[in-house]
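Notes to accompany the following structure.
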2 protein chains.
Amino acid sequence: MTSEELLALLAAIGHTQRLRIIGELAKGRVHVSELARRLSLSRPLLYMHLERLEKAGLVVGNLELSADGKAMKFIELAPFEVRVDVGTVLAVLREDEERAAADSGAQGSGGTTT
Amino acid sequence: MTSEELLALLAAIGHTQRLRIIGELAKGRVHVSELARRLSLSRPLLYMHLERLEKAGLVVGNLELSADGKAMKFIELAPFEVRVDVGTVLAVLREDEERAAADSGAQGSGGTTT
DNA sequence: CTCACCCGTAAGACAAGACTTACAGATGAA
DNA sequence: TTCATCTGTAAGTCTTGTCTTACGGGTGAG
């Protein structure tokens with residue numbers, strides 16, 4: 001895991017509204033408008049938060065058609081678990097360095113991959 | 001743990017520079033100016049980050065006097081470990097509700113405390 | 001056709017965070 | 001005294017993130 005991924009994840013979870021969203025989704029999948037109603041959030045705002053959560057891989061969205069033919073986007077919580085401690089931090093920093101080294105090393109040859 | 005505490009912690013760790021700071025401190029305690037030099041950060045900026053880290057309880061600062069009588073603030077990494085998953089989120093949300101309930105319940109009487 | 005749902009995005013106001021430059025004070029050494 | 005260390009903060013800029021308002025289009029029911 002790179003620092004970029006870790007940061008995306010921490011930033012995604014680290015917000016009051018998004019905690020509430022996760023809390024609500026923990027009860028089960030819901031479509032966007034319904035979710036907005038339950039949390040008293042404007043739909044555009046909710047979209048913004050969902051985008052962030054989705055990018056970090058915390059939720060997954062599925063556009064489906066209901067029985068009466070209306071399009072509905074259902075949001076589902078993706079399982080996640082990260083231990084945050086000194087070891088994790090050191091690990092991502094090391095990963096970053098390795099990637100940087102690999103990138104600069106692969107510039108001339110091109111066969112150093114994997 | 002309340003959501004406020006969790007958010008402070010996540011926000012504290014969730015930043016590139018602060019990851020680097022933690023990484024450097026993992027090697028051992030350092031005084032501020034030296035730390036700033038190692039990370040190529042301006043001292044005022046480092047102060048800002050340290051303040052955030054300290055508030056979240058991730059680092060501890062100690063003002064000491066060196067052998068030649070100069071004041072030096074040593075920064076030390078505090079042990080920390082948090083598991084971030086759905087359970088954690090639900091736990092802090094529940095904790096929030098309990099606190100809110102306790103606060104509003106204690107307004108009139110004063111004897112309802114646990 | 002109008003109403004009540006649903007989807008999605010664009011634009012701009014506003015607040016929070018990150019970062020720089022500049023300052024002020026204290027010590028010991030040359 | 002002047003220089004090289006260290007401490008700390010205040011002010012202002014710039015960038016990022018949050019949030020609201022205002023649009024656009026689609027479906028089925030009355």
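Numbered from 1 within each chain, the chains take letters A, B, ... in sequence-line order.
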Residue B/Lys70, side-chain heavy atoms: nucleotide from D/dA4, C/dA18, D/dT9 that is nearest: D/dA4
Atom-pair distance (CE on B/Met48; P on C/dT21), nearest Å: 17 Å
Non-hydrogen atoms of B/Val60 and B/Ala78 that approach each other most closely: CG2-CB, 4.3 Å
Atom pair distance, as rounded to whole Å: CD in A/Glu51 and P in C/dA10: 10 Å
Short side-chain N/O contact to D/dT7 OP1/OP2 from B/Ser33, under 4.0 Å: yes
Given C/dC6, D/dT5, C/dC7, the nucleotide with the shortest approach to the side chain of B/Arg37: D/dT5
Below 4.0 Å: OP1/OP2 of C/dT20 and any side-chain N or O of B/Ser42: yes
A/Arg43 side-chain proximity, nearest of C/dG8, D/dC19, D/dT20: C/dG8
Closest non-hydrogen atom pair, B/Glu64 against B/Phe74: OE1-CD1, 3.8 Å
A/Glu81: which of B/Asp85, B/Val84, B/Thr88 passes side-chain contact (heavy atoms from CB on, under 4.5 Å): B/Asp85
Nearest-Å distance for atom pair CG/C1', residues A/Leu50 and C/dG8: 12 Å
Rounded distance in Å - CD1 (A/Ile75) to C1' (C/dC6): 13 Å
Presence of A/His31 side-chain N/O under 4.0 Å of C/dC5 phosphate oxygens OP1/OP2: no
Distance in angstrom units between A/Phe74 CZ and C/dC6 P, rounded: 10 Å
D/dC19 OP1/OP2 closer than 4.0 Å to side-chain N/O of A/His49: yes
Non-hydrogen atoms of A/Leu50 and A/Val59 that approach each other most closely: O-CG2, 4.2 Å
Nearest-Å distance for atom pair CG/P, residues B/Asp68 and C/dA29: 7 Å
Any A/Arg18 side-chain nitrogen or oxygen under 4.0 Å from OP1 or OP2 of D/dG17: no
Sugar-phosphate only, base, or nothing, as touched by A/Leu63 at under 4.0 Å among non-hydrogen atoms: sugar-phosphate
Presence of salt bridge, A/Arg99 and A/Glu95, under 4.0 angstrom: yes
Listed nucleotide nearest any side-chain atom of B/Tyr47, set D/dT20, C/dC7, D/dT9: D/dT9
Nearest listed nucleotide, side chain of A/Pro44, among D/dT7, D/dA22, D/dT9: D/dA22
Nucleotide D/dT16, atom C1' - distance to NE2 of A/His15 in whole Å: 12 Å
d(CZ, A/Arg20; C1', D/dC19) in whole Å: 14 Å
Closest listed nucleotide, where the reference is the side chain of A/Leu45 and the choices are D/dT9, D/dC19, C/dC19: D/dC19
Side-chain donor or acceptor of A/Ser3 paired with backbone N/O of A/Val92 under 3.5 Å: no
5' precedence on DNA chain D between A/Leu41 and B/Lys73 (nearest-nucleotide basis): B/Lys73
